[in-house]
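Just so it is clear, the structure is predicted and the values come from calculations on it, not from any experiment. Numbered from 1 within each chain, the chains take letters A, B, ... in sequence-line order.
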Amino acid sequence: MEYFFEIFFDGLTRGSIYALIALGYTMVYGIIQLINFAHGEIYMIGAFTALIVSGVLGALGLPGYAILLMTLPVAVIYASAYGYTIEKIAYKPLRNAPRLSPLISAIGMSIFLQNYVLLAQTPDFLPFPSLLPPLDVVDRFHGVLSSSEVIIVVTAALVMAGLTAFIKFTRMGKAMRATAQSPRMAMLVGINVDQVISLTFIIGSALAAVGGVLIASHVGQINFYIGFLAGIKAFTAAVLGGIGSIPGAMLGGLVLGWTESFATGYVSSDYEDVFAFALLVLILIFRPAGILGKPAIQKV
Amino acid sequence: MLKLIDVEAGYGAIPVLHRVSIEVGKGEIISLIGANGAGKTTTLMAICGVVPLRSGDILLDGQSIRGVPGNRLVDMGVSQVPEGRLIFPELTVAENLDMGAFLRKDRQGIRDDLDHVFELFPILADRRHQQGGTLSGGEQQMLAISRAIMARPRVLLLDEPSLGLAPLVIRQIFGIIQKINRERGTTIFLVEQNAHQALKIAHRGYVMENGAITLTDTAARLLENEGVKKAYLGI
Ligand SMILES: Nc1ncnc2c1ncn2[C@@H]1O[C@H](COP(=O)(O)OP(=O)(O)OP(=O)(O)O)[C@@H](O)[C@H]1O
Ligand SMILES: [Mg+2]
């Protein structure tokens with residue numbers, strides 16, 4: 001039973017991270033029907049920013065939690081700036097082009113950012129400091145769940161609750177939903193659609209950066225390539241939940257996280273990715289719109 | 001108040017509007033009638049900047065609004081009820097109305113206008129928490145008009161509000177359009193295929209054929225015009 005819970009919490013942790021990244025895919029898709037392939041790189045850049053900032057702060061001799069509290073906002077702002085800029089230079093000029101063009105532009109952006117970090121930093125794995133402070137309470141359950149898992153899950157839950165409240169209750173949140181449902185009408189009621197799109201990229205990037213910093217601290221190493229696999233997994237989670245659906249991305253992330261953890265824990269770690277993508281294939285066959293997605297016909 | 005001067009516009013290389021000149025005076029109801037594909041919707045899209053002008057000009061209160069992005073027009077007092085209503089399907093009725101008031105900050109005024117809208121269309125008050133996409137066609141049209149009113153416009157543009165509605169609902173909606181004009185002094189530019197209803201409530205009318213204005217007169221005289229009767233009134 002203890003083993004089961006250990007795996008359960010491992011899956012919950014992975015799933016929370018996937019969910020954080022998947023939200024960026026799903027929100028951007030919801031508004032401009034683009035799969036932002038460069039989104040995984042935003043997550044990677046968030047982690048790299050955190051590595052650099054925490055290195056500097058660590059050299060100053062600041063305590064761990066202070067480093068985390070200062071590193072996270074910097075990583076978030078930096079990654080958001082990247083997300084915002086990518087949209088402006090790689091997607092906005094192609095707003096009225098055929099749908100394949102921005103998609104190719106996105107893949108180009110992804111490759112560019114990977115290589116940029118590879119050249120500017122290093123191709124090797126770099127150790128990432130454990131920014132997540134140990135919690136005494138949690139450590140009593142030693143083995144079943146760790147402090148960093150608790151911090152990751154709780155942080156992700158808070159961030160997602162905040163996002164949900166923003167989307168649901170604020171006027172700007174409503175404007176985002178309105179723009180996703182009818183950009184033409186959104187414009188006619190006075191919504192600046194370009195601004196809403198920028199905001200979507202900024203929020204998605206911020207969430208990915210939070211995910212990047214959390215998981216890098218948990219795993220303990222990063223390189224320029226971590227965004228690729230995490231990106232594909234999170235994209236899978238978004239499709240699983242129903243691309244375009246915000247609760248879908250959250251649910252899809254968790255389902256994927258658990259699938260991977262249980263496959264690893266009860267079958268073999270070699271099968272982690274096999275199960276993840278087999279699940280995707282199954283969902284696409286039996287529920288093409290995803291768990292919470294609506295069939296395309298219903299889209300007005 | 002709103003003036004189109006020799007407007008030429010179209011999609012890509014295809015010209016649609018040919019030297020269209022229309023004047024909508026303050027407090028007037030002006031109807032633009034024409035058959036399918038005449039260019040009525042294109043005229044409205046040219047006003048809100050979705051379709052760029054090739055030549056000519058559009059004036060609002062004497063100022064050119066050529067090239068002004070559509071989302072800025074609301075602030076200048078122009079609201080639109082577009083063709084096909086474009087209700088936000090997954091926003092509730094209340095949220096749709098709130099989006100109509102997107103740029104407004106006067107909370108009290110918004111609340112007053114919400115009461116006003118619910119007075120005009122009591123059914124919307126009952127359906128307040130229902131998703132817009134689940135409303136009936138008539139209710140959606142009421143919601144689209146209400147959403148436009150929530151911006152407290154000086155000029156209201158309506159694109160075929162009668163489309164797909166039963167005669168009784170059409171009469172109700174046109175009655176309300178007239179009421180909005182009378183009670184709030186809102187200027188109305190109404191685009192319609194239903195020429196009879198549109199001309200009955202209008203002060204003046206324009207007839208559009210193949211992208212050009214072929215006739216303009218007072219609404220009463222257009223209703224008596226033999227050509228209009230034959231082509232648009234089915235008499
Ligand atoms: N997006 C578009 N691209 C190319 N041509 C278009 C486009 N929209 C409309 N047209 C063409 O422009 C012409 C005028 O269309 P418009 O929609 O303005 O007509 P309408 O008077 O509103 O007709 P209806 O009463 O059927 O709505 C038509 O010939 C139509 O085919
Ligand atoms: Mg039309």
Next on the checklist: Determine whether the aromatic ring centres of residues A:Y84 and A:F201 are separated by less than 6.0 angstrom.
Outcome noted: no

Item to check | Close aromatic pair by centroid cut-off 6.0 Å: A:Y82 and A:Y78 | outcome: yes

Using heavy-atom distances under 4.5 Å, tell me whether [X] contacts chain A through its side chain, its backbone, both, or neither.
X      : value
B:V50  : side chain
B:D75  : neither
B:A148 : neither
B:L73  : neither
B:M45  : side chain

Checklist entry - If you measure from CG on A:L240 to NZ on A:K233, what distance do you get to the nearest 0.5 Å? => result 12.5 Å

Is a donor on one side and an acceptor on the other found under 3.5 Å between the side chain of [X] and the backbone of [Y]?
X      : Y      : value
B:Y206 : B:E23  : yes
A:S16  : A:V153 : no
B:H203 : B:I29  : yes

Name the option with the most non-hydrogen atom pairs under 4.5 Å to chain A; the candidates are [options].
options                : value
B:R85, B:E95, B:R72    : B:E95
B:N71, B:V74, B:L103   : B:N71
B:Q80, B:M150, B:M99   : B:M99
B:G100, B:A101, B:A151 : B:A101

Checklist entry - What residue in A:I191, A:N192, A:V193 has the most heavy-atom pairs under 4.5 Å with chain B? => result A:I191

Next on the checklist: Distance to the ring centre below 6.0 angstrom and angle to the axis at most 45 degrees; does that hold for B:R147 and B:F88?
Outcome noted: yes

